[in-house]
Trainee: 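Got a structure here, written out as structure tokens. Questions coming.
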Number of protein chains: 2
Amino acid sequence: MRYGFGIDVGGTTVKLGLFTESGELLEKWEIPTNTTDSGSAILPDIATAITGALSRHGIDRESVLGVGLGVPGPVDSRGVVDHCVNLGWPVVDLPESLGKLAGLPVAAANDANVAALGECWKGGGQGHRSMVLATLGTGIGGGIVIDGKMVYGAHGAGGEIGHIPMEWDDPETCGCGKRGCAEQYGSATGISRMAKKAMEESDKPSVLRQLPQVTARDIFAMGAIGDELAQEILERYYRFLARFLAAVCCVVDPEIVVLGGGVSKAGAPLLAGIQKYFNRYVFHACNTVEFALARLGNDAGIYGSFKLALDSFGGTDERK
Amino acid sequence: MRYGFGIDVGGTTVKLGLFTESGELLEKWEIPTNTTDSGSAILPDIATAITGALSRHGIDRESVLGVGLGVPGPVDSRGVVDHCVNLGWPVVDLPESLGKLAGLPVAAANDANVAALGECWKGGGQGHRSMVLATLGTGIGGGIVIDGKMVYGAHGAGGEIGHIPMEWDDPETCGCGKRGCAEQYGSATGISRMAKKAMEESDKPSVLRQLPQVTARDIFAMGAIGDELAQEILERYYRFLARFLAAVCCVVDPEIVVLGGGVSKAGAPLLAGIQKYFNRYVFHACNTVEFALARLGNDAGIYGSFKLALDSFGGTDERK
């Protein structure tokens, strides 16, 4: 029996998973992310955590096929990350650095991209060979899987769909410094912003007006109980997402689009809302692209990271 | 020595190329495309042409690694095309149908996608592993190469970037039946349309006003000799293309974007014009995406089709 690790490095915690080669999750746990001193302790901490898990489970290093690592920054296909602002990292060759510390083969990629690989393997995209993951949270993260493989991008920016320019001249800037990025409209923050504008532009009464701050959740909840203004905002939001996802589908034409992140908790109405407008915007051959919700939640990263290790160092996966 | 064929099926002519396994083009020629009777003679005509070439060059079938075929319609990764309107074809399993007729292994793909593969192999993208080809002609065709391989798309629509929705409410419809498609603005037809609008909206004198019909070529020519209105139209056009190509790059993050089609004859000023605006719209990690002009012209299809056959049936290519 062989084993592997899937590790998801976040700004606050590092999530770790120990898997069997066949994809069974034996243990998952977290350690804090130590971002002091330019994050120099993070990789040593991970190596220590790996050693601890091997000893707990009585596994020797020879039985470990490798370690997959997802990190919040642009990672090229060799596993070199070019600055992780949240961690304090400069340019780091992750396979080399963690490989030496852990004494194991290491593959690394961007965290949103490994999440896509995880959802395609064991989540909302299971059974599909090509998939787009759109994570609708504070911003929009994304990852593309084609022919079972993650699209790294030549500069580690494959699947950075949240920064597709969608509007010409928005006066407000995106967190990335540009204007008109998809995540300014399609994220949880985006729909709140849409709601604020809609309330300013119309006199229509709405329960939303009584709330000190309107969240995505409020808008979905009020829309569901018949609040007209909330419903108008939702229609505008669905139409935006349809147009945005149609743009992505015209480039890579996936089998399925999987929606994750906080907004995806809205569930079936979100899927139905997008599908209502999608065919108006997408190239006709893509009319049958499927839509689904992400299923792995916060575990997508460890599943995807392990799958990356399996694809890189495993020898028995028929989907390689 | 082994050989292969690269074949590009168009609505008027079929272009054929006989290549050595190392990629040398030994002969290229054309036969007419017979679209009568739902195009039922096209594949038999191609098989006859192949047999003729083998006999002319004294090559036996055992020395042929295979045939690559590019066709103007959506083709899935098994080589099945789902209607070619220009040829009259219904759903056709090209590897099976042509394979039987020619007695050779056949791989097939969409013509714009094989052109991208050709340009990446021996044209403007030579030396790169990932590339976006944007063909700016009457419409906009496109093809994506990632890790040296063509992106077919799950419904044969990989690289259909000309139909990315770019505007919300254009009153005019695109040839595909939708509104606001990239090719309505970014193609040769698109810039002519922009020029027409600009002449209507402004009183600025311009040589363009003296022409019975304003083509892309006229606009570039008049812009180059200092016509102010032409220059304004060009800036608007460059800005559009920058925003459009930035959207594509945020999805797949290629090493290089190659521009082909009639508009690309404008050459260096076109590249410089796009690059002037590109970084305003693209995700910062993609700031270093390169731009180049296509180099194979009408031969991109036969080169790319042959490369597809080589990747599918050849055994010696180090880039596989």
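Just so we're on the same page: letters track the sequence lines, and every chain starts at 1.
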Trainee: At a heavy-atom distance under 4.5 Å, which candidate from A157(B), G153(B), G162(B), A285(B) has the highest pair count against chain A?
Mentor: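 The candidate making the most pairs under 4.5 Å is A157(B).
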
Trainee: Look up atom CD1 in I164(B) and atom CZ in F283(A), then write down how far apart they are to the nearest 0.5 Å.
Mentor: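 One finds 12.0 Å between CD1 of I164(B) and CZ of F283(A).
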
Trainee: Can you name the closest pair of heavy atoms from R280(B) and K178(A) and give their distance?
Mentor: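 So the two residues come closest at O-CD, 3.5 Å.
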
Trainee: Quick check on the interface: out of R179(B), M166(B), H155(B), who has the most heavy-atom pairs with chain A under 4.5 Å?
Mentor: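 Ranked by contacts with chain A, first place is H155(B).
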
Trainee: Go through H284(A), H163(A), R243(A) and name the one with the most non-hydrogen pairs under 4.5 angstrom from chain B.
Mentor: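 Sorted descending by pairs with chain B, the first entry is R243(A).
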
Trainee: Only pairs of heavy atoms separated by less than 4.5 Å count here; which of G156(A), C286(A), A247(A) has the most with chain B?
Mentor: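 If we count pairs closer than 4.5 Å to chain B, A247(A) comes out on top.
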
Trainee: Does anything in residues 249-260 of chain A reach chain B? List residues with heavy atoms under 4.5 Å apart, or say none.
Mentor: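 Those residues of residues 249-260 of chain A which have a heavy atom under 4.5 Å from chain B are C250(A), V251(A), V252(A), D253(A), P254(A), E255(A).
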
Trainee: What part of V132(A) is in contact with chain B, defined as an atom under 4.5 angstrom from a non-hydrogen atom: side chain, backbone, both or neither?
Mentor: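 The answer is neither part of V132(A).
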
Trainee: Stepwise, does the side-chain contact (heavy atoms from CB on, under 4.5 Å) test hold for W168(A) with E167(B)?
Mentor: CA-CA 10 Å; W168(A) 282 94; E167(B) 301 290 345; 3.2 Å; yes

Trainee: Could you check which of V151(B), I146(B), T288(B), I144(B) has the highest count of heavy-atom pairs closer than 4.5 Å to chain A?
Mentor: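 Between V151(B), I146(B), T288(B), I144(B), the count favours T288(B).
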
Trainee: Taking the basic N atoms (NZ, or NE/NH1/NH2) and the acidic carboxylate oxygens, is any pair closer than 4.0 Å for D169(A) and R239(B)?
Mentor: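 Yes, D169(A) and R239(B) are salt-bridged.
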
